[in-house]
Amino acid sequence: MKINRLSFLMFLYLILPLVGLSQSKIISLNLGWSFNNVDSNFWAPANVPGSIFTDLIKLNRIPNPLIADNESKVQWVSESGWCYRLKFLINAEDLANYRKANLLFEELDTYAYIFLNDSLIHEAHNMFVSHQIEVRKWLKAGKNELKVIFPPMLPLLRESAKKLPYKLPENERVFARKPQFQFGWDWAPKIINMGISKSVSLTFWNSLDVEQPTIVTSLKNNAGIVHCSLPVEVAVSKSSILTVDISNQKSGLKYFTQKFSVSSDSLLKFNFSINNPKIWNPTGSGQPNIYHLLLTVTDSKSTTKTYHKQIGFRNINLVQTPDSIGRSFYFEVNGQPVFAKGANWTPIGIFKNENSPQKYRKLLTMAHNAGYNMLRVWGGGGYEDDIFYDLCDSLGIMVWQDAMFASAMYPYDDVFLKSVYAEINFQSKRLSSHPSIALWCGNNENYEGWANWGWQKQYGYSAADSTSIWSGNRKLFETVIPQALKESYGNVFFNYHPSSPANGWGRDTAYKTGDVHYWGVWWGMEPFSSYRKKVGRFVSEYGFQGYPSIMTLEQAANQAIDSLNQPSLATHQKHSRGYQTIDEYLQRDYPKPKSVEDYVYISQLMQADGMGEAIKAHTQRVPYCMGSLYWQFSDCWPSISWSALDYFGNPKSFYFASKRLFKPVKPTFMKNGDTTEIWVSNIGNKSFRGTVMLIEIEQSGVKKIIGTTPVSITSNNSSVISILSNSHIKPNSVFAAVLVDLQGKEIAEEVCFVNQPKKLTLKKPFFTFHIIKEANGFTKFVISSDVPVKGLWLTIDGFELSENGFDMIPRKDYVIDCTPEKPNTILKSSSIKTISLNDVLNR
Ligand code: BMA
């Protein structure tokens with residue numbers, strides 16, 4: 001039947017207003033804001049979502065604090081009060097047609113008074129929750145005005161601190177429920193943000209509203225059935241019959257459908273099962289299978305609300321079983337123990353509004369490409385944006401989620417505890433459906449600090465103060481937070497660890513029981529070889545700094561780099577002994593660099609070698625040790641820090657070392673007294689059989705196979721397969737171990753330069769390049785060298801490389817994938833720059 005176009009349009013014209021009225025209407029209130037300093041009157045345009053700092057930078061009222069030594073010039077901002085204002089129109093029909101109006105601030109940073117048409121409608125004091133306010137009664141037809149007043153942040157926090165009879169460690173910052181690193185950290189500037197940090201909207205509705213639903217699932221081991229529990233909060237204006245449908249958004253398959261009669265705002269609970277779903281696995285254990293659930297709630301007047309949730313099904317148990325040594329600490333995923341490999345995740349930028357989805361995607365893809373299966377969202381940052389968890393779900397990266405408390409003791413009065421309860425409840429409802437969430441942890445290093453950092457003496461606590469602070473904090477981390485989590489998870493099991501680490505690294509038990517943050521290297525100035533002695537059951541932090549590239553240093557300093565000590569750069573090193581620590585370690589083992597470029601190169605090589613020792617030691621000790629999360633994945637500003645990727649996402653040499661050393665199966669060398677052992681470690685989920693070829697290499701490039709050892713190694717196991725006695729080793733010896741599988745395919749290799757880097761006498765290499773163009777625009781290039789090379793660093797402007805910073809066996813082809821940053825970039829041999837330890841030693 002052919003429908004006359006005009007009559008169809010007329011039909012729509014008649015029917016749409018009716019349909020429209022019963023549905024809700026959402027108005028974005030992100031545009032048109034202006035702001036001023038409460039002590040002046042300079043109303044200027046503001047950005048929402050945004051921050052007072054980014055608005056002031058845009059107006060040239062403050063210099064960009066990420067650059068040079070500008071940080072000190074912007075501190076007044078958080079000492080001042082600010083006001084954000086929006087004038088907006090509401091049409092009379094909307095007021096006539098809708099009975100309810102919800103104003104939603106998805107996030108406010110942090111203390112704020114909200115006025116609508118001069119009435120105070122809400123007070124905010126926690127950045128980690130959203131704010132939803134029913135505002136129908138304050139709205140009027142025509143012009144309306146929304147005002148958000150941010151009182152001076154620092155004075156307010158000082159006032160809170162003064163109310164206590166004693167000082168809490170870290171003083172003001174612990175009172176603010178906002179990212180703690182903003183108060184300055186040993187890798188972050190002090191920039192205490194304020195502002196409307198996420199979107200604002202107004203929703204008009206009449207008969208039906210549904211709270212963002214939360215879903216928790218539990219996977220039973222024995223049957224292929226998943227039990228799902230989906231509590232849904234619905235608001236209805238009068239008695240209604242609701243139809244609820246839960247289906248797979250992609251396939252349309254219905255999991256649940258039922259009619260409910262509700263008379264007032266209610267919490268509806270649905271329990272349903274899904275048969276034989278494909279389970280979610282972390283990287284290295286199988287596919288990270290994801291389901292897309294669609295919830296549809298419809299009332300008798302055909303008002304419909306739909307929500308989409310990405311979910312996955314898996315069992316993750318943190319196994320902490322007492323044993324003859326102490327207590328284990330490992331994750332069992334879908335019944336299999338999994339070696340957790342990855343990093344600590346810190347905020348990726350100072351200003352949240354500038355953290356683009358592209359940046360999240362780039363960083364998390366790099367974590368995935370390096371084979372990581374776990375990231376720890378560290379407690380001094382923030383609960384991450386949804387995109388972070390969505391990507392972790394789909395990339396197979398488990399998330400260790402800290403609650404946002406770090407390296408201090410916190411208030412524990414009723415108002416504070418109530419605010420934390422609401423925060424954890426809000427965040428866990430938001431996150432509990434993500435299959436990637438493996439663990440909730442109460443805080444970072446608070447317990448370690450209380451036990452070992454001398455706060456009691458430093459702050460002069462009486463015995464009564466100490467008892468009160470400690471029991472108050474235990475209540476916070478051992479009762480309030482787990483209770484709030486329990487409310488979100490219902491009967492579904494979740495893992496909870498009150499504080500990371502379980503014990504401080506100065507104590508022997510730290511290496512026998514629970515997780516450890518091992519900082520003897522760096523903070524304790526112990527040699528890198530200590531990593532071999534200080535292996536814990538799960539090493540959730542360890543790290544060593546490396547300089548970022550010269551380009552990043554120039555961006556930090558906003559000028560050319562003549563010296564690493566120049567003041568415009570020095571403020572980007574936030575560790576009080578950072579420069580000296582790098583230098584002292586460098587002098588121990590590495591040749592003295594003669595230029596800034598060589599210094600940067602050597603510092604990265606040292607970071608890769610040093611932290612590489614840690615990963616080797618952790619993986620050699622599997623299954624005693626079942627986790628290795630290094631400190632820290634990336635940076636929040638251009639800086640000199642422990643990161644593997646700099647602020648712009650450029651990898652340091654250590655990133656590539658971690659990629660090689662976190663391979664499921666690999667050979668490694670380890671000096672042990674008078675011998676050098678060759679290990680094969682299997683941190684993967686399958687048994688492995690193959691062969692290790694041991695090669696002796698001369699400085700001239702001559703190489704000979706001196707041993708071939710068959711290898712058979714089960715999952716999560718490691719053993720010494722061969723031993724070189726030091727009497728056979730000459731100071732300048734170079735060895736390589738190459739692991740091949742039964743099909744003869746090369747799996748991994750390691751080159752061992754027996755002597756300290758500064759004592760090596762390596763020859764200047766001659767490289768041969770060969771470029772292979774692929775049809776899809778990607779390029780590979782093959783590089784080989786005439787002599788053994790240590791730490792080859794390649795720079796090719798405009799390309800991302802799959803491998804870098806590696807050692808080379810002479811006359812062997814190394815194939816590197818090059819991905820152009822912009823399409824149609826042509827790779828030429830002349831644009832490939834190289835530097836190696838061989839070069840530095842021969843300057
Ligand atoms: C760790 C972290 C951070 C700190 C890092 C480097 O223990 O928890 O507090 O930035 O050390 O010092």
Side-chain angles (χ1 to χ4, degrees), residues 126 128-130 177 211-221 226-234 265-273 280 293 295 309 311-321 329 331-333 376-377 379 382-384 386 389 393 398-405 410-444 446-447 471-500 502 514-515:
N126 188 330
F128 302 129
V129 294
S130 69
R177 293 312 300 140
E211 266 283 297
Q212 183 69 263
T214 156
I215 177 162
V216 284
T217 60
S218 72
L219 176 63
K220 293 274 171 276
N221 284 338
V226 171
H227 298 287
C228 304
S229 144
L230 177 65
V232 175
E233 284 177 54
V234 290
D265 299 353
S266 324
L267 178 71
L268 307 176
K269 277 219 173 192
F270 314 120
N271 291 310
F272 58 99
S273 303
W280 184 90
L293 198 99
L295 166 77
K309 276 265 166 183
I311 60 171
F313 310 115
R314 86 290 180 269
N315 262 330
I316 304 182
N317 289 335
L318 172 63
V319 182
Q320 299 197 74
T321 314
F329 191 104
F331 292 91
E332 196 181 74
V333 187
R376 169 179 177 231
V377 179
Y383 305 94
E384 275 298 345
D386 291 343
Y389 301 97
D393 288 347
M398 292 185 279
V399 177
W400 164 323
Q401 178 69 51
D402 278 1
M404 292 303 130
F405 300 88
Y410 282 80
Y412 43 92
D413 57 274
D414 287 348
V415 177
F416 190 84
L417 294 184
K418 220 170 136 202
S419 174
V420 172
Y421 189 94
E423 161 190 330
I424 300 295
N425 200 245
F426 172 81
Q427 294 295 345
S428 54
K429 279 190 172 147
R430 181 171 75 95
L431 303 180
S432 57
S433 55
H434 290 279
S436 53
I437 299 279
L439 172 72
W440 285 90
C441 173
N443 66 67
N444 169 73
N446 295 9
Y447 284 19
S471 61
N473 273 264
R474 285 196 64 185
K475 182 174 175 194
L476 170 57
F477 298 112
E478 291 170 41
T479 307
V480 175
I481 293 179
Q483 260 171 11
L485 289 167
K486 182 100 189 64
E487 193 191 315
S488 302
Y489 281 86
N491 292 330
V492 169
F493 173 81
F494 60 90
N495 295 303
Y496 183 67
H497 182 38
S499 181
S500 177
D515 68 321

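If you read the sequence from its start, that first residue is 1, and numbering goes on from there. Since we're looking at a predicted model, the values are computed, not measured.
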Heavy-atom nearest pair, S488 first then V216, reads O-CG1, 4.0 Å
To the nearest 0.5 angstrom, please state how far the CG atom of N446 sits from the CZ atom of R474.
13.5 Å
For the residue pair W440 and L431, establish whether any side-chain heavy-atom pair is separated by less than 4.5 Å.
yes
Quick check: closest heavy atoms across G514 and A502, and the distance to 0.1 Å?
CA-CB, 4.0 Å
From the options V129, V480, I481, select the one residue that forms a side chain to side chain contact (heavy atoms under 4.5 Å, CB included) with I424.
I481
Can you tell me how far apart CG (L318) and CD (E332) are? Round to the nearest 0.5 Å.
10.5 Å
F270 side chain near C228 side chain, heavy-atom distance below 4.5 Å
no
Backbone N or O of A438 within a donor-acceptor pair of the N495 side chain at under 3.5 Å?
yes
D413 side-chain N/O to V415 backbone N/O, donor-acceptor pair under 3.5 Å
yes
Just by distance, do the side chain of R177 and the backbone of F416 share a donor-acceptor pair under 3.5 Å?
no
Do the two ring centres, one from F405 and one from F477, sit under 6.0 Å apart?
yes
Y383: which of Q427, R430, E423 passes side-chain hydrogen bond (donor to acceptor under 3.5 Å, both in side chains):
E423
Take F128 and M404 through the side chain to side chain contact (heavy atoms under 4.5 Å, CB included) test and state the conclusion after the steps.
CA-CA 9 Å; F128 302 129; M404 292 303 130; 3.8 Å; yes
To check you understand the geometry: which heavy-atom pair defines the closest contact between D393 and W280, and what is its length?
O-NE1, 2.8 Å
Side chain proximity check, D265 to E233, heavy atoms < 4.5 angstrom:
no
Is it true that a side-chain atom of R314 and a backbone atom of P435 form a donor plus acceptor pair closer than 3.5 Å?
yes
Closer than 3.5 angstrom, by distance alone: can the side chain of N425 be matched with the main-chain N or O of A484 as a donor-acceptor pair?
yes
Between N473 (side chain only) and Y410 (backbone N and O only), is there a donor and an acceptor less than 3.5 Å apart?
yes
Compare every heavy atom of Y489 with every heavy atom of S428, then report the nearest pair and how far apart it is.
CB-CE1, 4.3 Å
Side chain to side chain, L293 and L230, heavy atoms closer than 4.5 Å:
yes
Output for pair (I215 CD1, S229 OG), nearest 0.5 Å, gives 7.5 Å
Do the non-hydrogen side-chain atoms of L295 and K309 ever get within less than 4.5 Å of each other?
no
Please test V333 against I316 for side chain to side chain contact (heavy atoms under 4.5 Å, CB included), starting from the C-alpha separation and ending with a verdict.
CA-CA 5 Å; V333 187; I316 304 182; 4.1 Å; yes
Distance-only donor-acceptor check, side chains D515 and S500, under 3.5 Å
yes
So if I apply the side chain to side chain contact (heavy atoms under 4.5 Å, CB included) rule between P231 and each of L267, L268, N271, which one comes out positive?
L267
Closest approach of Y496 to G442 (non-hydrogen atoms, all atoms of both residues)
OH-CA, 3.3 Å
For side chain to side chain contact (heavy atoms under 4.5 Å, CB included), just list the numbers for S436 and M398, CA-CA rounded to whole Å, side-chain angles, deciding distance to a tenth of an Å, and then say yes or no.
CA-CA 4 Å; S436 53; M398 292 185 279; 5.7 Å; no
Does a side-chain heavy-atom distance below 4.5 Å link V399 with I437?
yes
Can you find a pair of side-chain heavy atoms, one from N315 and one from F493, that are under 4.5 Å apart?
no
I want to check something: taking the side chain as every heavy atom from C-beta on, are T217 and V492 in contact at a cut-off of under 4.5 Å?
no
If you round to the nearest 0.5 Å, how far is OH of Y447 from NE2 of H497?
10.0 Å
Stepwise, does the side chain to side chain contact (heavy atoms under 4.5 Å, CB included) test hold for K418 with D414?
CA-CA 6 Å; K418 220 170 136 202; D414 287 348; over 6 Å; no
